[in-house]
Amino acid sequence: MAELITLTIDGQECRGTKGMTILQVAKENGLDIPTLCNHPWLTTHGGCRMCVVEVEGQRRLVTACAAPAEDGQIVVAHNDRLETLRQMTLELLFAERNHICPFCAMTGVCELQDRAYEHHITHTRYDYIFPVLTPDTTNPYFVQDHNRCILCGRCVRSCYEIAGVGTLGFGHRGSQEVVIADLGVPLGESSCIKCGTCVDVCPTGALFDKRAPYFSRARGLERKPSICPDDDLGCAMNVVLKSGLVARIEGWTEAPVNGPLLSYRSRYEILNEPHPRVLKPRVRKDGELVEVDWAEALDATAELLAKTQSGADGHVVGLCSTRLPYETLASYHRLLAEQCGCVDVDTFRGAQRATRRQADDLYGTHKECDFEAIQQADMVLLVGFDPCTTHPVLGAWLAKKVHHDGVPIVSISPRTTKTAELSILSLKPRRGSELAVLYGLLGQLIEQRNLGHLVDRLTAEKWRSHPPGRVSYEAGVEEQAVVRAAALYAAAKNPVILYGPDLTETGNPTLIGRLWEMAQLLGHVGASKEVMVRGFTTGANSAAAEQIGFRGADMEGAAVVYLLSGDDPVDLTPQLRQDLRDAGAVILQSAHDGPLVQYADVVLPSLKWSERGGTWINVMGVGQTFEACTKAPAGIKPDEWVLTEIGERLSAVKEAAHE
Amino acid sequence: MAERKVLLERYDVPNIWELDVYRRHGGYATLDGLFAKSPTDWVEEVKASGLCGRGGAGFPTGVKWSFLAKGTGKPTYLVVNADESEPGTCHDRRLLERLPHQLIEGIINTCYAIDAHEAYVYIRGEYLEPYQRLVQAIREAEAAGLLGKTVAGQDFPLRIVVHRGAGAYICGEETALLSSQEGDKGQPRQKPPFPAVAGLYAAPTIVNNVQTISTIPHIVRHGAAWFAGINLAPESKSPGPRILSVSGHVQRPGIYEVETGTPFEELLYGLCGGIRGGHDLKSVIPGGSSMPMLPKDVILQTDTSFESIRKAGSQPGSGAVIVMDETTDIPTVVWRISRFYAHESCGKCTPCREGNPWSVKLLRRFVDGTARAEDLRILVEVAEAMEKNSFCPLGIAAAWATQGALKHFRHEFEARISHASAIAAGD
Ligand SMILES: Cc1cc2nc3c(=O)[nH]c(=O)nc-3n(C[C@H](O)[C@H](O)[C@H](O)COP(=O)(O)O)c2cc1C
Ligand code: SF4
Ligand code: SF4
Ligand code: SF4
Ligand code: SF4
């Protein structure tokens with residue numbers, strides 16, 4: 001229980017707890033102390049000097065953002081002397097670079113401008129310096145305009161403290177100081193992961209989005225939380241709306257998984273629509289897709305599905321997107337599995353889940369580790385997983401582990417991964433030789449920690465037959481790398497093993513079994529007894545699909561394929577192309593007029609991410625429910641309505657057949 | 001009146017920077033008695049000596065040592081501040097160049113007292129020869145078993161790492177120094193936590209100046225009472241010999257080691273041979289460019305004790321005594337000093353980052369005689385903002401230059417307000 005303290009600020013009695021700063025106590029008690037460089041997400045900087053206050057008994061002024069609040073303290077936060085100093089600080093800032101507000105993207109929502117109004121700054125008594133500073137436009141998503149920068153360092157701190165990369169820093173000194181990327185390279189060529197956190201925290205017009213610079217930060221914006229549909233972490237974000245349009249995406253402090261950190265995909269890419277919307281239903285007539293009304297399209301769909309129901313014309317295959325909410329996935333599954341009696345219902349990339357399911361069948365069900373364990377880990381082994389690419393927020397957490405705590409990461413993947421840059425060691429086995437590497441690691445682990453007595457005969461044979469030399473020969477990795485990777489893993493107290501799509505898409509459950517075995521072995525000698533392994537998939541609602549019962553689909557000889565892709569940018573593999581060409585008929589429910597449309601016989605419009613509401617279950621099994629943020633364009637019906645309509649029509653056809 | 005040579009006693013011995021020469025002249029004798037007493041005894045001894053830091057702030061050294069956080073589970077570090085960049089200061093350079101072993105002896109003494117096994121010397125980047133001498137001396141000491149896994153055969157490991165700065169004045173400020181040493185940009189850090197609690201690599205750290213550490217062997221050897229007795233000013237609590245770098249308009253500028261309480265009059269007119277070319281004294285900055293200047297009549301009533309200098313309205317600072325005779329133009333001096341601070345400001349806080357360039361431009365108008373009447377008012381206000389509101393002492397010091405000059409030589413500034421502007425302002 002924190003110790004309660006009472007202090008006086010501007011004559012008002014204020015309560016707080018020990019450990020709070022004077023600024024925090026003032027805020028909690030409804031008192032305003034002006035700030036610029038302070039930000040609730042970040043550590044204190046103390047540089048802008050706006051929040052200086054007088055504390056009785058202290059010779060010098062102190063900054064309220066940094067000074068610890070003490071019981072019985074008497075603080076003066078507002079008087080003429082302090083006001084004069086704050087005015088002088090603002091005057092200096094305004095003369096420093098270029099603050100001609102009418103030409104600025106942030107005018108109206110700028111903290112510097114707000115402070116200037118509050119402190120009655122109408123002009124500066126000193127000539128503007130107007131240094132020549134060229135804006136950096138090399139980042140694809142935002143602009144850095146040094147002319148508006150007040151060197152508050154919020155961006156620098158956020159880049160290290162939240163994004164974990166530490167791309168931004170200060171270059172040069174004194175009035176020549178500028179925010180730089182890496183060692184002074186353009187942002188677009190730097191180590192920046194384009195998370196945009198710096199843009200969120202910048203108080204001025206020095207960092208602003210390219211997409212909609214003028215209306216995206218205006219006053220009177222509405223904010224609605226939503227979920228990123230790209231991966232299974234369950235990252236939530238704030239969708240900022242102006243007149244019902246998405247102005248920008250912002251970090252949302254209350255997001256349970258990711259806090260204010262977002263990836264470039266959930267913040268920026270999600271707003272780029274590569275293809276036009278499907279606005280009206282279409283049906284293929286004489287080889288051409290022609291626009292029809294909803295009734296006709298739904299009838300055509302029901303007819304196709306009903307035909308195959310009799311079983312005479314082959315089977316129906318359903319494939320849908322894991323971006324969809326639980327409710328839609330469930331309705332889709334019900335329609336196909338129950339009403340059409342179809343056994344081949346799955347999601348795109350269903351192999352990722354199938355491999356794990358098979359591992360459960362082979363080796364018994366294992367409860368894998370949670371985010372907490374990943375945060376606590378003192379060593380991370382990545383297998384077939386490139387979080388910096390597929391799960392960027394997890395990638396940023398790992399970057400923080402490396403940069404803040406020096407935690408070693410070892411990466412094993414047949415691809416060249418982005419995460420390898422963070423790794424102390426990365427092994428790149430030939431595709432298909434991953435298992436040899438895992439046996440090699442297992443063997444080294446057993447030898448280095450003397451665990452031979454703990455493994456069964458079969459495993460023992462396997463590892464004995466995989467000494468580093470053989471692994472090196474089979475997999476094309478260095479012998480020493482295998483030894484070192486095992487040593488790093490074996491020496492850790494709380495290691496975690498994370499695997500991803502590159503492992504599960506091999507379809508080989510033995511790989512997962514070996515990882516579980518490695519974790520359990522170390523559990524016998526001091527590490528946690530829990531299985532410190534976790535698999536990740538792409539697609540926000542993979543876990544929901546698994547719960548609902550999507551269990552794999554055989555495309556071979558399909559009479560009808562019903563694709564519910566929504567706004568999923570489906571990876572059109574050569575195999576999928578062939579399967580769609582071979583299918584008797586293809587029904588496509590899609591938000592976009594993308595490459596899938598060419599294969600479709602019926603096209604039904606669908607919703608995109610911001611138009612959907614419902615529940616998403618993340619990789620840890622935690623559900624989050626969000627409402628739709630935007631309205632679908634006129635004429636586009638919700639996916640669930642479409643599924644219900646099809647269901648009713650099917651029942652009608654059935655009844656008609658009975659009569 | 002003579003100098004009181006303690007640290008500089010062996011200064012002129014040929015090749016004194018070599019280990020055997022230094023040893024022949026009593027070097028490393030402290031190691032005989034050092035380990036016989038407990039570390040805390042030595043902290044108490046240094047406290048009792050009254051030694052105050054020579055780097056600038058003048059904080060009592062033993063007291064600082066006793067603030068070290070205990071039981072943190074982290075190692076304790078000693079960092080020797082050899083960044084000597086304060087304009088006018090050049091004696092640390094001499095101590096490093098000529099008497100590197102005296103510093104190493106002091107480091108060994110200090111590390112034993114504060115239980116540190118790793119010491120860092122952060123040396124000004126431009127000091128190439130002193131750096132080479134110091135590294136050479138460390139190698140010699142290591143080879144002789146004075147550093148390394150054991151020190152003089154005792155179960156006390158000690159390693160000294162020398163780190164070269166890259167030419168920023170602010171890196172002499174202890175927290176900026178630590179950031180720079182860690183590989184970050186040299187910018188001051190928020191205090192608290194003080195370095196003694198969370199300093200280098202967030203571990204308890206003592207930062208002391210080269211001269212401070214070079215003084216320690218003499219206290220270890222002769223005792224606190226001896227040291228406390230080196231004091232001519234009865235009311236002074238900052239005893240001991242102190243090295244001053246005297247520069248400017250005296251006949252014999254140079255470095256002088258004097259007893260605390262030596263009157264400035266004796267220093268300037270006795271040891272330094274008086275003002276050059278028969279000129280009259282105008283003003284003296286007694287502690288490096290960071291401290292306010294004092295006019296002739298004040299400085300001649302002042303002695304070198306910390307207390308006397310503070311009473312006169314300045315600070316002992318780095319011990320750089322900058323002497324200006326009657327030919328000196330004060331606005332030009334202040335303009336020149338301000339340019340230094342504008343150049344060296346680290347950029348972290350608004351008043352110093354922007355206040356300094358403002359001051360420089362305003363002062364230039366006084367140098368040129370084109371100042372407007374309101375420029376004096378703005379100059380005073382900017383200095384006030386910098387003095388009251390800077391993050392670290394650099395911004396404050398920059399303001400002191402202006403404020404000290406305006407306090408004693410305001411008329412010289414007023415005389416530079418352009419006639420036209422004065423008429424326009426109705427003055
Ligand atoms: C701007 C600035 C520059 C400084 N430069 C030096 C320096 O070059 N050498 C030094 O010893 N102390 C310097 N100091 C003082 C140090 O911060 C610190 O107080 C000192 O090293 C402590 O050592 P001492 O207690 O032995 O004096 C500087 C302080 C400031 C604010
Ligand atoms: S950053 Fe703020 S103060 Fe500067 S020009 Fe833009 S709106 Fe105005
Ligand atoms: S976008 Fe993210 S990674 Fe890039 S500079 Fe900003 S905070 Fe750093
Ligand atoms: S870019 Fe923005 S956040 Fe970064 S220092 Fe400048 S004003 Fe502050
Ligand atoms: S006072 Fe100057 S040197 Fe010190 S922190 Fe501020 S800008 Fe940096």
Side-chain angles (χ1 to χ4, degrees), chain A residues 21 36-37 43-54 59-63 65-68 81-82 84-97 112 124-129 131 149-153 156 160 166 169-180 183 406, chain B residues 166-171 175-176 179 183-193 201 339-362 365 372 374-375 377-396 398:
Chain A
T21 63
L36 275 173
C37 68
T43 58
T44 54
H45 178 64
C48 77
R49 316 308 286 175
M50 283 303 289
C51 72
V52 279
V53 297
E54 295 172 0
R59 206 165 40 88
R60 290 194 60 87
L61 300 173
V62 300
T63 40
C65 67
R81 179 169 96 123
L82 293 169
T84 311
L85 285 175
R86 288 176 187 148
Q87 282 174 337
M88 178 56 94
T89 300
L90 288 167
E91 214 182 327
L92 289 167
L93 287 174
F94 269 92
E96 179 172 26
R97 291 191 175 171
L112 178 63
T124 78
R125 288 167 297 165
Y126 194 75
D127 316 339
Y128 292 128
I129 297 168
C149 177
I150 57 169
L151 300 169
C152 69
V156 175
Y160 182 69
F170 287 116
H172 308 285
R173 62 179 189 235
S175 57
Q176 309 294 310
E177 188 170 57
V178 279
V179 173
I180 57 167
L183 293 174
Chain B
Y169 168 64
I170 190 59
C171 290
T175 59
S179 291
D184 271 340
K185 183 175 179 190
Q187 282 194 320
R189 302 175 183 173
Q190 195 82 49
K191 291 192 271 192
Y201 310 118
R339 271 176 57 199
F340 172 77
Y341 289 103
H343 186 258
E344 295 298 337
S345 161
C346 83
K348 177 165 184 167
C349 71
T350 318
C352 167
R353 180 180 72 234
E354 293 310 319
N356 271 309
W358 273 45
S359 303
V360 171
K361 286 210 179 171
L362 290 166
R365 292 181 190 162
R372 303 166 303 175
E374 75 256 35
D375 285 343
R377 213 164 43 237
I378 302 176
L379 187 64
V380 171
E381 275 187 42
V382 173
E384 165 92 1
M386 285 161 63
E387 203 265 330
K388 291 281 175 302
N389 206 3
S390 286
F391 185 90
C392 89
L394 187 147
I396 301 168

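Numbered from 1 within each chain, the chains take letters A, B, ... in sequence-line order.
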Visitor: Compare every heavy atom of B:Cys349 with every heavy atom of A:Arg49, then report the nearest pair and how far apart it is.
Guide: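 Scanning both residues completely, I find the closest heavy atoms to be CD-CB, 3.9 Å.
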Visitor: Considering only heavy atoms, which portion of A:Ile150 lies under 4.5 Å from any heavy atom of chain B: side chain, backbone, both, or neither?
Guide: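 A:Ile150 touches chain B through backbone heavy atoms alone.
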Visitor: Any heavy-atom pair between the side chains of B:Phe391 and A:Thr63 that's under 4.5 Å?
Guide: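 A:Thr63 vs B:Phe391: side chains apart.
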Visitor: So what's closer than 4.5 Å to chain B heavy atoms on A:His45: side chain, backbone, both or neither?
Guide: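 Contact with chain B: backbone and side chain both.
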Visitor: With a strict 4.5 Å heavy-atom criterion, list every residue of residues 382-390 of chain B that contacts chain A, or say none.
Guide: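 Residues B:Val382, B:Glu384, B:Ala385, B:Glu387, B:Lys388, B:Asn389, B:Ser390 are the ones that qualify, each having a heavy atom under 4.5 Å from chain A.
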Visitor: Flag the one option from B:Pro188, B:Gly347, B:Ala342 with the top tally of heavy-atom pairs under 4.5 Å to chain A.
Guide: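 If we count pairs closer than 4.5 Å to chain A, B:Gly347 comes out on top.
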Visitor: Relative to chain B, which segment of A:Gln176 carries a heavy atom at a distance below 4.5 Å: side chain, backbone, both, or neither?
Guide: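 For A:Gln176, neither part sits under 4.5 Å from chain B.
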Visitor: To the nearest 0.5 Å, tell me how far B:Trp358 CH2 sits from A:Glu91 CD.
Guide: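 Answer rounded to 0.5 Å: 4.0 Å.
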Visitor: Can you list everything that forms a salt bridge (charged side-chain N to carboxylate O under 4.0 Å, His left out) with B:Arg353? Sequence neighbours excluded, please.
Guide: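 Salt bridge (charged side-chain N to carboxylate O under 4.0 Å, His left out) list for B:Arg353, sorted by chain: A:Glu96.
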Visitor: Below 4.5 Å from any heavy atom of chain A, which atoms of B:Glu344 appear? Answer side chain, backbone, both or neither.
Guide: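 It is both, since atoms from each part get that close.
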Visitor: At a heavy-atom separation under 4.5 Å, does A:Arg125 approach chain B through its side chain, its backbone, both, or neither?
Guide: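 It is both, since atoms from each part get that close.
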Visitor: Which bit of B:Ile396 comes within less than 4.5 Å of chain A, counting heavy atoms only: side chain, backbone, both or neither?
Guide: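 For B:Ile396, the side chain is the part near chain A, not the backbone.
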Visitor: Going from OG1 on B:Thr350 to CG on A:Leu85, what distance comes out if it is rounded to the nearest 0.5 angstrom?
Guide: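 Here the rounded value is 12.0 Å.
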Visitor: State which residues pass salt bridge (charged side-chain N to carboxylate O under 4.0 Å, His left out) with B:Lys361; sequence neighbours excluded, sorted by chain then number.
Guide: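 With sequence neighbours excluded, B:Lys361 shows a salt bridge (charged side-chain N to carboxylate O under 4.0 Å, His left out) to no residue whatsoever.
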Visitor: Using heavy-atom distances under 4.5 Å, tell me whether B:Gln190 contacts chain A through its side chain, its backbone, both, or neither.
Guide: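 Contact with chain A: side chain only.
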Visitor: For B:Arg377, does the CZ atom have more than 12 heavy-atom neighbours from other residues, nucleotides or ligands under 6.0 Å away?
Guide: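 No.
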Visitor: Quick one: of B:Gly186, B:Ser345, B:Cys352, B:Pro351, who has the most non-hydrogen atom pairs under 4.5 Å with chain A?
Guide: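 Most heavy-atom pairs within the cutoff with chain A belong to B:Ser345.
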Visitor: Measure distances from A:Ala67 to the heavy atoms of chain B and classify the residue's part below 4.5 Å as side chain, backbone, both or neither.
Guide: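 It is neither, since no heavy atom gets under 4.5 Å.
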Visitor: Distance from B:Lys348 atom NZ to A:Cys152 atom SG, nearest 0.5 Å?
Guide: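 If we round to the nearest 0.5 Å, B:Lys348:NZ and A:Cys152:SG are 12.0 Å apart.
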Visitor: Check salt bridge (charged side-chain N to carboxylate O under 4.0 Å, His left out) between B:Arg189 and all other residues, then give those that pass, not counting sequence neighbours.
Guide: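 B:Arg189 satisfies salt bridge (charged side-chain N to carboxylate O under 4.0 Å, His left out) with B:Glu182 only.
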Visitor: Sub-3.5 Å donor-acceptor pair from the side chain of A:Ser175 to the main-chain atoms of B:Glu354, do we have one?
Guide: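 Pair absent, no side-chain N/O of A:Ser175 close to backbone of B:Glu354.
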